**Student:** 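Below is the structure I would like to discuss, written out as structure tokens.
First listed ligand is number 1; within each ligand, the first listed atom is number 1. Keep in mind it's a predicted model, so treat the numbers as computed, not measured.
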Amino acid sequence: MTLAHRLHEWFLANQRDLPWRKTRDPYAIWLSEIMLQQTRVAAVIPYYQRFLERFPDYSTLANASESELLAMWSGLGYYSRARNLHKAAQMMVDAGGFPNTYESIRALPGVGDYTAAAVASIAFGMPRVGLDGNIVRVMARWTAEAGDVKQNATRLRLLETAQNNIDRKNPGIYKQSLMELGATICLPKAPKCLYCPINDDCDAKLQGLQNTIPIQLGKQKAISEEKVVLWIVRGLQVLLWQRNGDSRRLAGFWELPEPEMLTGVEAGQELGIFSHSIVNHKYRFILREGKLRGSAGDLLKWVRLEKLKELPISTVLRKSLRLLKLDPRRERKEGVS
Ligand code: SF4
């Protein structure tokens with residue numbers, strides 16, 4: 001049996017029950033693939049379901065306000081994805097439909113080679129495959145790839161192998177099965193080779209190299225940092241600041257102030273600690289009660305707590321609200337407004 005057939009059989013029997021696997025609607029598949037970029041499956045599921053409920057098609061999404069879209073995306077991270085979704089939906093309205101060639105899908109903002117291939121193969125049955133972390137790992141191990149998987153030449157070799165072994169009748173299942181194998185069996189640490197459907201001809205396994213491959217030279221170490229953020233309230237209002245619209249990260253999002261931003265502020269009692277990673281930085285955030293002695297200045301604004309559920313708020317603010325048991329999304333779900 002070919003690689004594709006073994007993967008296909010295994011996938012049908014073992015795949016996880018994920019909401020985007022129940023549809024062939026290109027819009028829904030595109031939405032899931034954008035959400036899954038850099039984000040774990042478990043985190044994406046509730047966002048995907050809420051999004052599809054509120055924006056069931058590209059025209060509804062195109063007509064939504066950016067602020068509402070960002071508020072719905074709040075907590076999922078990498079916010080340029082939400083802005084690109086919005087722009088892409090507006091392009092679809094102008095074009096009168098969802099793009100239906102690989103090149104036109106690839107031309108949408110926020111869509112790279114991998115996402116274009118995923119949408120093209122799953123929604124339209126086109127024989128295309130792209131590389132994500134899972135597929136790179138599976139292909140590198142299956143061929144016992146000796147090169148650095150961060151190098152272009154190595155990635156091209158792996159892409160060629162993945163593309164040459166594609167199931168032309170079921171390219172969508174082929175792509176999903178490779179991804180699923182990487183996510184559940186061919187894990188980065190301690191792959192479960194015993195349960196793997198391609199273990200009898202996996203070169204890394206046959207050579208005892210499954211824990212050495214993929215090779216990544218010069219992997220950067222994470223940088224750890226500590227930060228204090230302040231919870232300053234006045235009645236039912238909290239003191240926040242909003243990032244500029246042209247900020248490189250989180251443009252337009254609301255944040256808690258840090259002590260350096262204010263004069264005449266006293267950092268008081270510790271309210272909790274949480275961690276948050278941004279790219280290569282691992283932050284340890286300490287949330288402290290703040291007491292304002294002077295004026296809030298021009299940068300900061302008093303915002304009513306009940307307004308927070310309508311505003312785009314950063315993950316740091318969301319995690320702080322959760323610590324204080326004030327998560328606006330949970331309140332909305334439970335019907336408390
Ligand atoms: S046999 Fe092991 S290393 Fe090879 S693809 Fe399967 S899980 Fe990965």
**Student:** Between E260 and K227, does at least one N-O distance fall below 4.0 Å, as a salt bridge requires?
**Tutor:** no
**Student:** Determine whether D201 and R6 satisfy the following criterion, salt bridge (charged side-chain N to carboxylate O under 4.0 Å, His left out), listing intermediate values before the conclusion.
**Tutor:** CA-CA 11 Å; D201 64 350; R6 282 175 288 159; 3.0 Å; yes
**Student:** Mind checking whether F285 and F274 have parallel, tilted or perpendicular rings, split at 30° and 60°?
**Tutor:** parallel
**Student:** Report the C-alpha separation of L3 and I198 in whole Å, then their side-chain angles, then the decisive distance to 0.1 Å, and conclude whether the side chain to side chain contact (heavy atoms under 4.5 Å, CB included) test is met.
**Tutor:** CA-CA 7 Å; L3 173 80; I198 56 170; 3.5 Å; yes
**Student:** Give a yes or no on whether the ring-centroid distance for Y47 and W73 is below 6.0 angstrom.
**Tutor:**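 Not close enough - the centres of the two rings lie 6.0 Å or further apart.
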**Student:** I'd like to verify the contacts: list protein N, O or S atoms under a distance of 2.8 Å from atom 4 (Fe) of ligand 1.
**Tutor:** C202 SG
**Student:** Among R21, K175, Q15, find the one that has a side-chain hydrogen bond (donor to acceptor under 3.5 Å, both in side chains) with E180.
**Tutor:**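 Answer to the side-chain hydrogen bond (donor to acceptor under 3.5 Å, both in side chains) test with E180 among R21, K175, Q15: R21.
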